2 protein chains.
Amino acid sequence: MDAGAIRRSLEGRGLRCTPQRYAVIAFLLKQNKHPTAAEIFEAVNRVDPRCSRATTYNNLRDLVQAGLVREVAVEGRAARFDATGMRHHHFICDRCGNVEDMEWYEVPQPASNSLGKRIVRECELIFRGLCSKCAPRHASG
Amino acid sequence: MDAGAIRRSLEGRGLRCTPQRYAVIAFLLKQNKHPTAAEIFEAVNRVDPRCSRATTYNNLRDLVQAGLVREVAVEGRAARFDATGMRHHHFICDRCGNVEDMEWYEVPQPASNSLGKRIVRECELIFRGLCSKCAPRHASG
DNA sequence: TGTCACATTAGATATAATCTAAAAACGTAT
DNA sequence: ATACGTTTTTAGATTATATCTAATGTGACA
């Protein structure tokens, strides 16, 4: 995704392409792991000190609302953010909390629409275990 | 699940059946929705003021570690806890953050074990949308 | 260039959860 | 029953994460 495409996808959703906002999403698009807000702030702010903590959080919120970024909550840890365009599932490491992508595949919907009055968006599949960094540290695998 | 069964399942995992610990898991077992730690603390503490905040959190941590309770992280909100014995999936309301159970059904594993060095436990399916309380408030459904 | 809505900022604040060190409760051996 | 070591609990401080506030800046466009 080049600069023009990023600009267009922001403006197509009513978001101005400010330097700060651009920096946040461009940084996210470069990642293959999914950083926390604090990590994003640190990285973006190091390159361009104009981007404050509040702006980082504001922009992440806006980008999530606009559907350009996915937020992944992790128990007892900071949320992770993910700007990957392609559909995918997620893997969360029990030990370090890192979130990684898993290849996407179709998941059957619930049989009876026991959902009743609810409006359901899409379902996510979350795998759990130990990532390649953490697995070796465990004695018995 | 009666008191004896609770006691046995605690002690079977090396956890003493203290009044506080018992109160936490017994309260959770009664719920059909999944309360936050703060809600659990409030409810348990109201009945028995001996149970402090730290104890509630400690016990929730221990119960999760022992596999008797599931923790569900929700973006931007407090985690929810779930002591249901039966397998199930989860539904999270985008608006109020409430977590509800969805009927369980088998989900296919990823085709290629692209997991590589990772050790995978089990996968969870999370549905999103608006719960029956929140859905009506939305104009266009 | 003036205007106005959108964005950004630093720092304060809120919320969620954990830590600390001391005291209490429990199980066991005596 | 009593003493002892371990587990558990406690109140309050502390950390971690995220949001809020009110002032300031920015850019598109008339």
Side-chain angles (χ1 to χ4, degrees), chain A residues 6-8 10-27 34-66 68-69 71-81 96-99, chain B residues 6-8 10-25 34-66 68-69 71-81 96-99:
Chain A
I6 292 177
R7 163 180 287 273
R8 281 190 298 279
L10 288 173
E11 293 180 345
R13 289 161 217 251
L15 296 172
R16 280 191 196 155
C17 184
T18 66
Q20 293 90 339
R21 188 169 285 152
Y22 179 88
V24 167
I25 186 148
F27 173 76
H34 301 320
T36 64
E39 287 164 353
I40 297 165
F41 165 63
E42 209 185 330
V44 166
N45 182 266
R46 184 155 9 90
V47 172
D48 180 352
R50 279 180 306 172
C51 191
S52 72
R53 170 186 312 282
T55 297
T56 306
Y57 278 91
N58 286 344
N59 279 324
L60 285 169
R61 191 210 331 94
D62 295 344
L63 291 166
V64 168
Q65 271 185 351
L68 294 171
V69 168
E71 181 175 356
V72 185
V74 184
E75 312 78 28
R77 302 187 184 252
R80 305 304 184 112
F81 295 87
C96 68
N98 277 340
V99 175
Chain B
I6 291 177
R7 163 179 286 272
R8 281 189 298 279
L10 288 173
E11 293 180 346
R13 290 160 216 251
L15 297 173
R16 281 190 196 157
C17 184
T18 66
Q20 294 91 339
R21 188 169 285 151
Y22 179 88
V24 167
I25 187 148
H34 301 319
T36 63
E39 287 164 353
I40 297 165
F41 165 62
E42 209 185 329
V44 166
N45 182 266
R46 186 155 9 90
V47 172
D48 181 353
R50 278 180 308 173
C51 191
S52 73
R53 169 186 315 282
T55 297
T56 305
Y57 278 91
N58 286 344
N59 279 324
L60 285 169
R61 191 209 334 93
D62 295 345
L63 291 166
V64 168
Q65 271 186 351
L68 294 172
V69 168
E71 181 174 357
V72 185
V74 184
E75 311 78 28
R77 303 186 184 254
R80 306 303 184 112
F81 295 87
C96 68
N98 277 341
V99 175

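Naming convention: chains lettered A, B, ... in sequence-line order (proteins, then strands); numbering from 1 in each chain. Everything numeric here is computed off the predicted structure, so don't read it as measured data.
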* Does the side chain of A:L10 reach to within under 4.5 Å of the side chain of A:L63, using non-hydrogen atoms? ->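 Yes, at least one pair of side-chain atoms sits under 4.5 Å.
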* Asked: Considering only heavy atoms from C-beta outward, does the side chain of A:L60 approach that of A:V24 to under 4.5 Å?
  ->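 Yes - at least one pair of side-chain heavy atoms lies under 4.5 Å apart.
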Between [atom2] of [N] and [atom1] of [X], the distance in whole Å:
X     : N      : atom1 : atom2 : result
A:L60 : D:dT17 : CG    : P     : 14 Å
A:E75 : C:dA16 : CD    : P     : 16 Å
A:N59 : C:dT8  : CG    : C1'   : 9 Å
A:Q20 : C:dT8  : CD    : P     : 5 Å
B:L63 : D:dT8  : CG    : P     : 11 Å
A:E42 : D:dA16 : CD    : C1'   : 15 Å
B:Y22 : C:dC26 : OH    : C1'   : 19 Å

* Asked: For DNA chain D, whose closest nucleotide is more 5', that of A:E71 or that of A:E11?
  ->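 Comparing both residues, the 5'-ward one is A:E71.
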* Asked: Please walk me through it: do A:R80 and A:N98 pass side-chain hydrogen bond (donor to acceptor under 3.5 Å, both in side chains)?
  -> CA-CA 8 Å; A:R80 305 304 184 112; A:N98 277 340; 3.3 Å; yes
* To do: Report the residue (B:R53 or B:R16) whose heavy-atom-nearest nucleotide on DNA chain C is the more 5′ of the two.
  =>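 Looking at the nearest nucleotide for each, B:R53 comes out on the 5' side.
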Scan [X] against the nucleic acid and name what it touches under 4.0 Å (heavy atoms): base, sugar-phosphate only, or nothing.
X     : answer
B:A79 : sugar-phosphate
B:T18 : sugar-phosphate
B:A78 : sugar-phosphate

Hey, is the side chain of [X] poking within less than 4.0 Å of OP1 or OP2 on [N], counting only N and O atoms?
X     : N      : result
A:Y57 : D:dA18 : yes
A:R21 : C:dA7  : yes
B:N58 : D:dT7  : no

* Is the backbone N or O of B:F41 less than 3.5 Å from a side-chain atom of B:R53, with the two atoms forming a donor-acceptor pair by type? ->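 No, B:R53 side chain to B:F41 backbone: no donor-acceptor pair under 3.5 Å.
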